[in-house]
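Working notes, structure below.
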Amino acid sequence: MLQDGTPIFSLAERLFPICRSITGDGVRETLRIIAEHVPELTVHEVPTGSQCFDWTVPQEWNIRDAWVIDSDGNKIIDFQQHNLHVVGYSVPVDKTVSLEELDQHLHSLPDQPQAIPYVTSYYQPRWGFCLTHHQRQSLQAGDYRVLIDSELKEGNLTYGEILLPGESSQEVFLSTYVCHPSMANNELSGPVVLTFLLKWLNSLPRRRYTYRAVFVPETIGSIVYLSRNWQEMKARVIAGFNISCVGDDRAYSYLPSRTENTLADQVAQHVLQHTDENYHRYRFLDRGSDERQYCSPKIDLPVATVMRTKYGVYPEYHTSLDNLTVISPEGLFGGYTALQHCLQVLENNIRVSVMVPCEPQLGRRGLYPTLSQKGSGDRSRMMMNLLAYADGQRTLLEIAEKIESPMWELVPIVEQLVEHQLLEVLDPSP
Amino acid sequence: MLQDGTPIFSLAERLFPICRSITGDGVRETLRIIAEHVPELTVHEVPTGSQCFDWTVPQEWNIRDAWVIDSDGNKIIDFQQHNLHVVGYSVPVDKTVSLEELDQHLHSLPDQPQAIPYVTSYYQPRWGFCLTHHQRQSLQAGDYRVLIDSELKEGNLTYGEILLPGESSQEVFLSTYVCHPSMANNELSGPVVLTFLLKWLNSLPRRRYTYRAVFVPETIGSIVYLSRNWQEMKARVIAGFNISCVGDDRAYSYLPSRTENTLADQVAQHVLQHTDENYHRYRFLDRGSDERQYCSPKIDLPVATVMRTKYGVYPEYHTSLDNLTVISPEGLFGGYTALQHCLQVLENNIRVSVMVPCEPQLGRRGLYPTLSQKGSGDRSRMMMNLLAYADGQRTLLEIAEKIESPMWELVPIVEQLVEHQLLEVLDPSP
Amino acid sequence: MLQDGTPIFSLAERLFPICRSITGDGVRETLRIIAEHVPELTVHEVPTGSQCFDWTVPQEWNIRDAWVIDSDGNKIIDFQQHNLHVVGYSVPVDKTVSLEELDQHLHSLPDQPQAIPYVTSYYQPRWGFCLTHHQRQSLQAGDYRVLIDSELKEGNLTYGEILLPGESSQEVFLSTYVCHPSMANNELSGPVVLTFLLKWLNSLPRRRYTYRAVFVPETIGSIVYLSRNWQEMKARVIAGFNISCVGDDRAYSYLPSRTENTLADQVAQHVLQHTDENYHRYRFLDRGSDERQYCSPKIDLPVATVMRTKYGVYPEYHTSLDNLTVISPEGLFGGYTALQHCLQVLENNIRVSVMVPCEPQLGRRGLYPTLSQKGSGDRSRMMMNLLAYADGQRTLLEIAEKIESPMWELVPIVEQLVEHQLLEVLDPSP
């Protein structure tokens with residue numbers, strides 16, 4: 001079992017420089033490295049032009065190089081220095097332009113003059129460069145040589161999928177995305193944390209549920225995946241988590257499913273309450289990731305989102321400032337642990353029933369202090385509370401909520417009481 | 001469509017001087033003038049002695065003149081100066097009395113020494129005069145000649161009714177009262193605002209619902225009306241509004257139906273939340289108008305009340321101070337607009353369903369920005385939120401509540417999405 | 001009807017010196033004195049070794065004397081001075097021990113150095129003495145003669161039971177415990193208040209419900225009682241109250257049943273809200289008395305607890321400081337009155353229905369002022385509110401909650417309206 005976040009951070013460091021987009025070799029290279037950790041990963045290629053619900057798989061985009069050279073021959077913008085310098089899905093260009101014309105293709109952030117913004121144009125042919133506002137303001141009139149050595153072709157959209165079978169064909173669904181170039185919290189944290197969650201799931205002696213996990217490009221990737229799998233998923237998925245922004249250590253956050261009351265929502269809130277009672281509770285109105293697809297009316301899967309600091313609310317978001325200093329081993333391990341607790345809660349969410357009327361006599365079984373004195377007995381409270389609510393109607397999660405204890409701390413107590421024939425395990429609720 | 005409250009205020013000015021009571025020619029004259037605006041108005045006469053549930057229609061009361069003359073021959077109280085000077089339903093009197101005897105028939109307000117109070121005695125034979133407390137304190141010992149030239153006779157109770165047919169036989173019910181003498185917010189504001197709402201409803205190219213509106217004397221009038229129409233109304237009315245105190249501009253207020261959760265309650269709260277988020281929420285325990293009858297247990301109609309400043313809570317209430325300076329064109333137009341929005345919400349409260357799984361690709365339809373950049377896309381949020389909740393289960397009102405947008409702003413977006421075949425309109429929920 | 005708490009306090013004074021435990025002659029003597037007030041009390045004896053659910057009735061314990069004498073011959077601890085000096089259920093001992101050995105059998109409270117703690121060891125053979133921490137710290141090295149002249153034998157567990165029949169075989173259950181030695185709020189207040197409640201119930205001309213009341217030793221006594229009666233109780237008990245800590249006057253408190261929403265919970269909260277709006281609301285997680293048995297999953301009786309200051313939260317709790325100065329006639333009378341109101345609410349919790357549509361005309365029946373004037377009519381509000389909610393669906397308790405009036409103040413109004421044929425009483429809701 002993972003002891004800290006160092007291995008997760010190391011994987012993030014390795015994947016960080018790769019230029020990812022919603023299609024192309026950057027995604028393939030990323031999935032290849034992830035597969036070193038989880039060899040069961042299957043890579044799927046979906047051809048350009050494939051119809052997926054209301055969408056069409058776009059052309060595949062790859063880029064070899066891009067730069068701007070000023071009239072003095074200085075390479076003032078260089079894709080090799082930072083892959084955010086090029087607008088994602090830029091069409092090829094190779095010409096000399098005036099500053100005035102160049103400026104119409106530049107993107108910068110006046111409010112964050114030292115950040116290179118992250119800009120894409122997936123569905124409209126465009127080209128452009130991104131740079132810091134400081135640099136943009138220093139540009140002199142004159143001619144500029146611009147080159148974008150990119151390629152748009154009939155190719156494929158690439159995604160990774162893994163199915164880890166469990167005792168039940170009911171599934172827990174895990175999703176993250178692999179379409180962002182060099183940014184760390186949003187979004188390398190999701191893929192690297194999911195990778196290590198899958199390693200842990202793979203190591204378990206038994207799994208109650210089957211786990212379905214995907215590494216997809218955001219939006220188009222989840223739509224493509226759903227268009228191929230949604231009916232099976234509707235029948236099988238009991239809970240799912242969208243994994244994004246799980247790498248910094250400034251906060252814990254929860255964004256509900258559309259209906260706000262699925263099992264995934266209950267689990268996420270329970271875990272975060274006992275992880276950080278000041279965790280941020282967003283609304284579905286604040287959504288902005290693949291829960292938009294998973295929770296859309298006709299799909300309606302029970303998918304909630306557990307995060308550290310949410311996309312859109314931290315200053316480095318979608319800029320070059322969201323680099324490896326924003327995330328940390330501690331931050332990643334916190335995100336990993338919260339999600340691991342979510343899966344542990346799901347695996348152990350059984351109904352239990354006390355087997356005797358009235359309180360059992362724990363004392364004669366060595367489970368309770370025999371000398372009654374002011375203050376004694378406090379340490380047996382959790383066990384007594386569990387027994388008081390083990391009515392065969394409530395799930396262990398519901399009992400844990402009621403008695404305000406982390407559900408994962410109740411699991412060993414359940415085992416002890418079952419052993420003493422004071423508690424029986426009923427079928428899990430459907 | 002009405003652009004401001006000037007015409008509403010003008011009608012109030014015209015109706016203000018008329019001496020109304022729960023019966024008599026004042027009501028008839030008021031209804032005659034209202035009918036100039038809404039010729040469909042039907043005037044009903046219900047004979048004295050008619051039994052209506054637990055009540056009996058009282059004798060009809062009319063008054064020609066009334067005054068008090070002091071021993072110096074000065075007419076110190078004069079009905080012609082203000083019709084509040086006479087206790088409503090005063091029996092005729094013509095005699096000379098001492099100050100001591102007179103005083104037993106006087107009503108004034110020590111706490112508001114400059115206000116003439118509004119006093120009635122519908123069901124107990126009495127006579128009396130109302131005056132300012134200042135004037136009362138200045139009365140000198142001596143003889144006073146008092147005259148009330150009133151008449152109580154076997155006559156009728158008069159009310160106005162209008163039915164504006166719609167596509168459905170389901171009805172929206174609107175009620176106000178016409179029994180108050182010269183007071184403005186309570187209650188000329190209700191009749192004049194309802195008059196202009198009816199003019200607007202009359203002008204609509206189509207109406208989904210049938211509208212039933214009444215101008216009745218308070219309490220006895222609504223009881224009379226219900227005793228004749230309640231079974232039909234129970235079968236047809238889906239929502240109703242009691243219209244009272246809609247003329248000043250100090251506040252917006254809501255008083256729920258008895259059950260607090262009818263469609264009318266939902267609509268009223270939605271409209272007021274988006275009209276003035278600090279609107280006053282009263283309880284049914286604070287009731288005091290005809291909702292007492294409409295919401296009584298055996299009647300139980302879904303009637304809520306939308307007001308500006310509620311009866312009983314403003315200082316001028318039920319005194320001569322509630323004059324035309326308390327209301328204003330702006331105040332009346334605010335009350336009118338809030339109620340108009342209520343009716344618009346009802347007319348458009350349909351269920352809608354998105355037609356594709358996952359989010360539709362709005363970009364290729366020109367409905368979404370194609371360049372993804374930090375901050376872009378905010379202006380499309382309302383459309384995306386509408387689509388996210390258009391699950392065919394929720395009404396448009398429920399969606400509007402969920403996405404925290406005024407429902408009337410969603411209506412044009414629904415039309416645009418229907419045109420693009422992204423949204424389908426289902427039958428309205430029952 | 002009891003006018004103040006003096007007789008209740010007198011009974012407490014008489015019972016205070018008796019040395020009670022979960023078995024033995026102290027319980028028998030206590031029940032004998034209570035039976036002087038309620039002769040219907042039946043005393044049951046349950047033999048040692050009887051199996052009751054998961055528990056076995058322990059040996060019967062009696063004690064004649066106990067003391068510690070120091071090497072100078074001074075009797076430094078004397079059971080005759082305070083029965084808390086001996087650990088409850090101490091086995092007999094008669095020997096000379098060193099201070100070191102003695103100390104292993106001593107119990108005191110460093111945080112409350114002037115209090116003798118209350119310590120028991122029912123299910124593990126032990127002996128021990130309790131003393132103030134001050135005294136303990138003053139003990140000198142040397143030999144001590146210790147004597148506990150107690151007896152553990154095959155005997156009986158003793159409890160008292162009373163059934164007061166009512167018109168219905170449905171039952172209200174009342175329980176308190178008689179196992180505490182000389183402590184006042186916890187727990188003589190429960191037995192003495194219950195005694196006077198039973199005297200009052202006995203005096204009623206009619207009782208709608210049958211009353212089942214028990215005086216049991218805590219935990220083992222309620223378990224013994226339930227093991228013999230639970231199926232009948234499950235079928236008949238509609239509400240019950242655990243009566244404990246009802247003698248001081250520092251607070252009112254409520255501890256819910258396990259499910260928190262039984263009739264007993266509704267009644268208790270209603271009564272306490274109108275008794276002291278700042279009453280303490282505990283959670284079932286704060287439980288610590290016989291509700292642990294009555295509300296256990298397989299028993300699940302609708303039993304709530306109404307208290308003054310809750311066990312465990314006041315400083316004198318379970319020490320010699322919980323003496324007769326902690327309780328008072330006023331405190332006991334407050335606890336008595338709150339519980340009496342609970343029973344009155346239950347007895348009168350009928351459904352009522354207004355008999356006419358719309359508001360009835362109260363004026364012609366002399367039930368309403370006939371002169372309408374600003375401010376008039378306020379005193380008729382409670383009657384009008386009752387009529388407004390008397391829809392035949394709500395119980396009188398639900399109406400009282402809705403209109404924010406103490407239910408016991410509505411009872412005479414109901415009677416008046418029934419007399420005027422404006423209200424009809426329906427069968428009480430099940």
Side-chain angles (χ1 to χ4, degrees), chain A residues 22 52-56 58 87-89 107-109 111-112 115 117-126 128 130 218-220 222-227 230-231 234 257-260 283-288 290-301 311-312 315-319 322, chain B residues 273 350-396 398-406 409-410 414 417-426:
Chain A
I22 57 170
C52 302
F53 295 141
D54 196 49
W55 299 66
T56 308
V87 168
Y89 260 66
H107 304 275
S108 64
L109 298 169
D111 291 347
Q112 291 179 286
Y118 170 47
V119 183
T120 68
S121 179
Y122 300 134
Y123 300 100
Q124 189 82 358
R126 277 197 184 93
C130 302
E218 201 179 3
T219 305
I220 183 67
S222 51
I223 292 170
V224 164
Y225 188 80
L226 284 168
S227 73
W230 73 296
Q231 284 169 314
K234 289 284 287 177
S257 74
R258 187 171 60 93
T259 57
E260 300 170 24
R283 300 170 308 164
F284 191 65
L285 295 181
D286 302 311
R287 72 199 180 283
D290 278 337
E291 72 286 340
R292 287 154 40 211
Q293 313 312 325
Y294 298 133
C295 299
S296 61
K298 289 199 177 318
I299 302 295
D300 206 26
L301 290 170
Y311 45 81
E316 305 90 353
Y317 171 72
H318 268 201
T319 75
D322 188 355
Chain B
Q273 179 63 33
I350 48 177
R351 282 184 301 129
V352 288
S353 176
V354 64
M355 295 176 76
V356 293
C358 295
E359 292 182 333
Q361 198 189 2
L362 299 179
R364 64 177 167 90
R365 296 176 176 91
L367 298 170
Y368 201 81
T370 52
L371 186 73
S372 165
Q373 186 171 358
K374 195 172 183 178
S376 78
D378 285 355
R379 70 181 186 282
S380 302
R381 265 283 168 191
M382 196 185 287
M383 182 179 284
M384 296 307 290
N385 283 340
L386 169 59
L387 286 165
Y389 285 98
D391 58 7
Q393 303 300 315
R394 288 173 168 89
T395 63
L396 202 55
E398 289 165 341
I399 295 173
E401 283 285 292
K402 199 78 198 170
I403 72 176
E404 301 176 356
S405 304
E409 292 185 15
L410 295 184
V414 167
L417 291 171
V418 167
E419 189 182 318
H420 280 278
Q421 293 189 285
L422 290 174
L423 209 61
E424 68 183 318
V425 173
L426 308 182

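If you measure heavy-atom distances from B/M384 to chain A, the contacts under 4.5 Å come from both the backbone and the side chain. The part of A/I299 that comes within reach of chain B is its side chain, from C-beta onward, which places non-hydrogen atoms under 4.5 angstrom from that chain. Contacts between A/E291 and chain B at a heavy-atom distance below 4.5 Å are absent for every atom of the residue. Contact of A/R287 with chain B is made through backbone and side chain together, with heavy-atom distances under 4.5 Å. Looking at A/L226, only its side chain comes within 4.5 Å of chain B, counting heavy atoms on both sides.
Between the B/N385 side chain and the B/A388 main chain, no donor and acceptor come within less than 3.5 Å of each other.
With sequence neighbours left out, the side chain to side chain contact (heavy atoms under 4.5 Å, CB included) criterion links A/D300 to A/K234, A/R258, A/T259. Scanning for ring-ring contact (aromatic ring centres under 6.0 Å, His included) contacts around A/Y89 gives A/W61, A/Y122, with sequence neighbours left out.
Of the inter-residue distances, the one linking A/H107 atom NE2 with A/C130 atom SG reads 5.5 Å to the nearest 0.5 angstrom. From B/I403, atom CD1 reaches atom CZ of B/R394 across 10.5 Å, with rounding to the nearest 0.5 Å.
The candidate with the highest count of non-hydrogen atom pairs below 4.5 Å against chain A, out of B/M355, B/E359, B/E404, is B/E359.
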